[in-house]
Every structure is written in C-alpha cells, then in structure tokens.
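Reviewing the structure listed below.
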Amino acid sequence: MAMSEAKSLNFIEEIIEADLQSGKHASIVTRFPPEPNGYLHIGHASSICLNFGLTQTFPGYTNLRFDDTNPSTEDTEYVESIKEDVRWLGFEWKNERYASDYFDQLYDFALQLIQKGFAYVDDSTPEEIAALKGTPTTPGTDSHYRHRTVQENLDLFTRMRNGEFPDGARTLRARIDMQHINMLMRDPILYRIKHAHHHRTGNKWCIYPMYDFAHGQSDAIEQVTHSICTMEFVPHRELYDWLINTLSLYPSRQYEFARRNINYTVTSKRKLLQLVQERKVSGWDDPRMPTISGLRRRGYTPKSIRAFCERIGIAKRDNLVDVGLLEFCVREDLNQIALRRMVVFDPVKLVLTDYTGVEWLQTENNPEDPSAGTREIPFSNTLYIERDDFMEQPPKKYFRLAPGQLVRLKSAYIVRCDEVIKDDQGVVQEIRCSHLPNSKSGADTSGVHVKGTLHWVSVAHALPVEVRLYDRLFSVEDPTDETADFMQYLNSQSLTTVPTAYAEPSLASATAQDRFQFIRKGYFVTDRDSTTQQLIFNRTVGLKDTWAKG
RNA sequence: UGACCCAUGGUGUAACGGUAGCACUACAGAUUUUGGUUCUGUCUGUUAAGGUUCGAAUCCUUAUGGGUCAACCA
C-alpha cells in the first residue's frame, strides 16, 4: 500500500511549488480582491478556496482586498456581506485592505509616470478616445494631446485632482503605443474624473484610478507574490507588468485560471443584480440564487461548498460544471450531520382499525451517527401518510401501500391495507388498515416480508409547518448562450410552497439554520423567516431518488 | 478576418516522453425499518492530419472547434 498517494497539484500549485523550491520565494502572499458592488457567488467561492487554500498548503498568508476604485457602484453594504461570506466559508484573512487605502500612493505613482513622460492628460471626449483607439484588427491613432509637456501635464493633472473640471472632461492616460497589437496597451486610461462620494474616502477625491492602475500596484504594495485572477484578464497582464516595471515596484506576478460556470444558473453580478431588481427572486439571499448568502439560506454547508470547489478543480479551459456535483457534495455532508425527522407533505389519512391509545416510540436521530441519539415519536390509530405512498392499482415494482399489501411504518408497526374509502369523485379519503401487533420496531419480523417502509405522522400530534421546495432557477443548462435573453429561460417552477405540511411534534423546537433530513423527502433547513408560530423549512436538496425518475 | 488563451468519456479534473486514472452522472447487482446511506461491477475519452521518437494525450507543424480583446467597469 502506498504511503500516501500524492494529491495531484493544479497548475498554480505547481508554479508555487517550483517558486518555493527554486528559492524565488520563501513564502507566498495571495489576495482575494472583490469589488464591493455585489454579493459573492459560487464562482467567487472557487477563487476564495483557491487563494486562501494556497496559503494553507504553502507557507504564507492571504489578504482580503476590496477593489474599490469606482465609487458610483460600490457600497459598504457589500463590504459587510463579503466579509461575512468569506468567514462563513471558513477562511480568515491576514489583512483587510482596500485599494482606496492606496489612493495617495497611486496618485504619487501617476505623478512619477508624468514626470518620466509616460503619462499625459487627454481632453478628448469618450467618443473621441474610442474612435482613436482603433479595433483589434486596426491600429489606433495618437491623440492631439499626446505630446503635452511634462509641466503642462503636471499642472492639468493637479487641477483634475483639485476639482477644477467636471466629470469626464479629462483623463490621465499612459503613453505607451497607440499602434500596439494589444488594445490595452493603446494609451490606457489611468485616472478619470468622478465627483462622487466614496464609501471610505468620502469626498477627499474627485479623480479615481482605473482597475489597471490600481490592481497591480496594490498587489505590489502588499508584496503579493501570486496574483490570481480569471482568464479575461490575460491581456491585462502585459499592462500589469509594464506598470510594475516602469514604476520599479515589487514584481508581483499575475496568473489566470478559467472561471467556473455552473449549469442551470448564472454567475454574473450584472445578471444576478437584474434578477434582484426585477423581483424575479426575493433578494440576493433568495435560496434559489447561486450567491453564497443564497446557498447559506438554502441550507448548504460551508464544508460542502469547499468540497465542491476542491472537486471541480482549477484549470484554464472553458467549463460548465454540472450542478448535480454541488448537490452531491451537500448530500454527502448533510447525510452525516442532519437529524432525521418525519414530515408528510401531501397527506392522506391512514386509520388502524385494530389499534387504540397512544404509544411513544423510540427512533434514531441519525442512522449514520449513533451519537446523535434517539427521540420519541407519538403513534396512534389515525395517521397521515403521503398520498403517493398508496396506489389502488400499483405497477409491478411498487414497494408502497396497496390493497391487501403489507408495508412497514418507519419505527412503528407493519400494517396491511384492508379497505379504501373514496369520495364521489373517486378521491381516496381514508385508508383502513390493521397492524401486526408483534411487528413493533425492533421485534423479530424475519417471517414477514415487507417491500417498503413509509414515513408517517400521528394526526392528533401533527404540527402544521410551511415547506418551500426549490428547483433550478433556469430551465436550460446555459441561460447565457445568447440565442435569447437569459431572463426568458427562468424556470417558472423554481419555487413551490407547501403551505401546510404535517410534521412530527419534535420539530416544534427547530430554530433558524437547523438542518434536518425529512425522511424520504430530502434535506431541509429552518428558514430565517421561521417563527415558533409558523415554522418554515427550505428544501436544500432532495434525496437521490432512483424510483421517481422513471 | 489580427493577436492572445484553450482543446482528455455525458460533466469536471489527472497523467510532466513509458499501463489513459479519479470524482460526479448513467446503468446493473448486493445490503437496507428512508426506493436514502453503504458495497460491488459495467458503459463511455485523448478534436483531426502530418512530423520527431524504440515509444506521443504529452514535443513540433498545420487544420478544425471554442473562448477573449475595441467600458472614463472590475
């Protein structure tokens, strides 16, 4: 037996291992750099697990850095939710930083660039700048303002900072090469004028750096060794390196991986925001949302999300991960920890004609975990079972209740269906059964053969609860495939509410975020809207069902 | 009609010139007081064509396919 099969490394881990072995770095610094303009989603979880996970396996630490260079879209509300989500996922950052912490230094870098002749103030309008930019296949053209003197640029940039010009009147641009094959190198804009209130710096600034002039420099200031981002930033790397070299900063390196896409959902902040704003969901934490807060409210565990991120891995190719894997990961975790309870969603009455009184029967809280203990559940002659657990004319492979057939009531007795009572419409009103007195749970029933076991609830003791059943938000695998507006693919069945389900009485004490397995129904979590008067449960995920999918 | 990135079963990901493996899914069976769990087994893969090599998923060339780049967003 091998001592330990070395877990294969992803390409970023390989790079780090090589850097550590070659002595390039003694330890590493990574960062998770969200923009506080939206809530974190499952795609971010992948990045969080990567960046923080790296410094758990290798020596070093990870910073949380907010990329807050655009005050018009950013807000502290998002800062708080992001911090909560990262912690909830189980990670702790070394330093909490903001790009806005570096505004003074960034301004100074800009001055240096101007002095070296590598930046200039441009008075062109956005339209003019776009027109002169060229296209991916045609070179750009120099701006009229490209050759201003250092003095003039210094003067104008200072006045930009001092608020002498209105929004959009001028920009500071790097002077690189308008003919460059990489469009990002065609004199990229470094600073723009925005008379906007910033969530941290208030009204101190009216010019704000662009992403490219803030991100790499922030990495360098923090001495980030491995700056990991997604593939769409590949063309930015050339500019990232150019700025670091030109300003002689700490040589942080950027590495890119492919963002993870998951089928039947969207993970774009713009699209998620649209769902929220157009009230297609109840909010950022609607249990159908792929946001971390939505998954949390849905009942997902941090552990299951980490396991998912671990399984889907990190690579550079385009991908569309099956949401079924996420569901597998949460079932895997919940199976170990969720307490079992019995709840009937769509009841039909089952009456035992040969039983009287009430018995409190003992049953296990979790067959996977004996330490979860046992509880007592009340049994009587009038019960609810699921309507679809009975069929008058069952197909051959039906294991449930049918006329003349035997079935086990979970943790109670084996019963036989003797009679069916229907109304004028032929709808079953009541199923009359007799029980096998010697078949009480735990007794030796080796002589009796029962095919199925049903969950049930005693009518007199039943607790009415609300249950919310969720399904995928979109009806197609890739709602962003662009053959139509993604909103057209919304799944109208994504939420089904069962206003009155009947639960065993022990559920009365359930409080927010308690997780359960409702036997044979799925995994559920107490919703945060739940009260002792009105218990509400969200279905996290159903049980794997090899029968239903026929 | 340019540059850059990418290409391994249905999905995701390994194999670092030497037996194409793992997980999920699907299917079949065993066990089961949850049609759950657990266990066993099966199916399915290197985009194509050349080249280098004793040997190529891996290196080279070309083709094909997918993605990215023309925000004062990040």
Side-chain angles (χ1 to χ4, degrees), chain A residues 5 7-10 14 33-35 37 67-70 72-74 99 122 124-126 129-131 133-140 167-173 180-184 186 189-194 207-208 210-212 214-215 229 231-238 256 258 260 263 269-270 310-329 331-332 335-336 340 342 363-364 367-368 397-400 407-412 414 439 441-442 445 450-455 517-523 542-549:
Chain A
E5 291 132 53
K7 194 186 81 66
S8 63
L9 304 177
N10 65 47
E14 285 184 354
E35 183 189 11
N37 70 344
D67 238 334
D68 58 349
T69 57
N70 185 4
S72 37
T73 58
E74 296 155 4
D122 194 331
S124 305
T125 64
I129 289 180
K133 192 117 188 173
T135 72
T137 52
T138 58
D167 286 6
R170 294 188 209 303
T171 56
L172 181 73
R173 292 231 256 166
H180 201 108
I181 198 72
N182 181 349
M183 293 202 66
L184 283 155
R186 321 240 264 229
I189 292 171
L190 269 20
Y191 267 94
R192 76 287 215 188
I193 301 172
K194 258 181 198 273
I207 57 171
Y208 291 93
M210 297 287 288
Y211 166 83
D212 287 302
H215 199 98
C229 60
M231 294 293 284
E232 62 268 31
F233 290 96
V234 168
H236 291 252
R237 190 175 60 232
E238 195 170 11
E256 311 88 7
R260 318 317 285 174
N263 60 9
K269 277 197 255 184
R270 203 207 96 234
E310 182 65 33
R311 278 171 214 252
I312 62 179
I314 295 295
K316 298 180 85 150
R317 71 188 84 115
D318 294 333
N319 59 83
L320 186 60
V321 180
D322 192 338
V323 68
L325 183 58
L326 216 207
E327 295 176 344
F328 167 81
C329 290
R331 283 193 194 104
E332 180 183 47
N335 180 47
Q336 299 301 319
R340 271 55 170 178
M342 294 202 283
T363 186
E364 73 277 8
E368 302 298 318
K397 296 276 273 180
Y398 190 76
F399 296 167
R400 286 112 99 145
V407 83
R408 155 76 66 182
L409 294 177
K410 172 72 183 169
S411 297
I414 293 172
S439 67
S441 189
T445 54
V450 274
K451 284 190 287 189
T453 300
L454 307 185
H455 63 284
Q517 184 200 101
F518 292 170
I519 291 179
R520 301 210 303 139
K521 301 305 273 186
Y523 294 100
L543 258 25
K544 185 177 167 195
D545 189 346
T546 49
W547 164 251
K549 66 168 190 270

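We name chains A, B, ... by the order of the sequence lines, and we start the count at 1 in each one.
Taking atom C1' on both U1(B) and A7(B), the two are 22 Å apart, rounded to the nearest angstrom. Look at the C1' atom in both A56(B) and U61(B): the space between them is 15 Å, to the nearest Å. A30(B) and G12(B): their P atoms are spaced 34 Å apart (whole Å). Rounded to a whole angstrom, the distance from the C1' atom of U64(B) to that of U46(B) is 16 Å. The gap from the C1' atom of A48(B) to that of A57(B) amounts to 14 Å, rounded to the nearest Å. Spacing between G36(B) and G18(B) at atom C1', rounded to whole Å, works out to 45 Å.
In this model, the phosphate group of A14(B) is approached by a side-chain N or O of Arg317(A) to a distance below 4.0 Å at OP1 or OP2. Under 4.0 angstrom from either OP1 or OP2 of G35(B) there lies at least one side-chain N or O belonging to Arg520(A). Considering only side-chain N and O atoms, Arg260(A) lies under 4.0 angstrom from the phosphate OP1 or OP2 of U13(B).
Residue Gln517(A) is classed as a base contact, given a heavy-atom separation below 4.0 Å to a base. Across all strands shown, Ile414(A) has no heavy atoms under 4.0 Å from either base or sugar-phosphate atoms. Note on Tyr523(A): nothing from the nucleic acid sits closer than 4.0 angstrom, heavy atoms only. Using a 4.0 Å heavy-atom criterion, one finds that Phe399(A) contacts the bases of the nucleic acid, with or without backbone contacts as well.
With hydrogens and angles ignored, a donor-acceptor pair under 3.5 angstrom links the side chain of Arg340(A) to the base of U34(B). The base of U33(B) sits within donor-acceptor range of the side chain of Ser441(A), with an N or O pair under 3.5 Å. In this model, no side-chain donor or acceptor of Arg331(A) finds a partner on the base of G36(B) within 3.5 Å. At a cut-off of 3.5 angstrom, the base of G36(B) holds at least one donor-acceptor pair with the side chain of Glu368(A).
For Arg408(A) and G35(B), the CZ to P distance is 13 Å, given to the nearest whole Å.
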Protein and nucleotides 64-67 of chain B: nitrogen or oxygen contacts under 3.5 angstrom:
from   : atom 1 : to        : atom 2 : distance (Å)
G67(B) : O4'    : Asp318(A) : OD2    : 3.1

Identify the pairs formed between an N or O of the protein and an N or O of nucleotides 28-30 of chain B at a distance under 3.5 Å, and give each distance.
none

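Residue-to-nucleotide proximity on RNA chain B shows that, of Val234(A) and Gly442(A), the 5′-proximal contact is made by Val234(A).
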Can you check each nucleotide of nucleotides 69-74 of chain B against protein heavy atoms at under 4.0 Å and return B for base, S for sugar-phosphate only, - for none, in 5' to 3' order?
BB-BSB
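Remark: aromatic rings of His215(A) and Phe233(A) are distant, center separation not under 6.0 Å.
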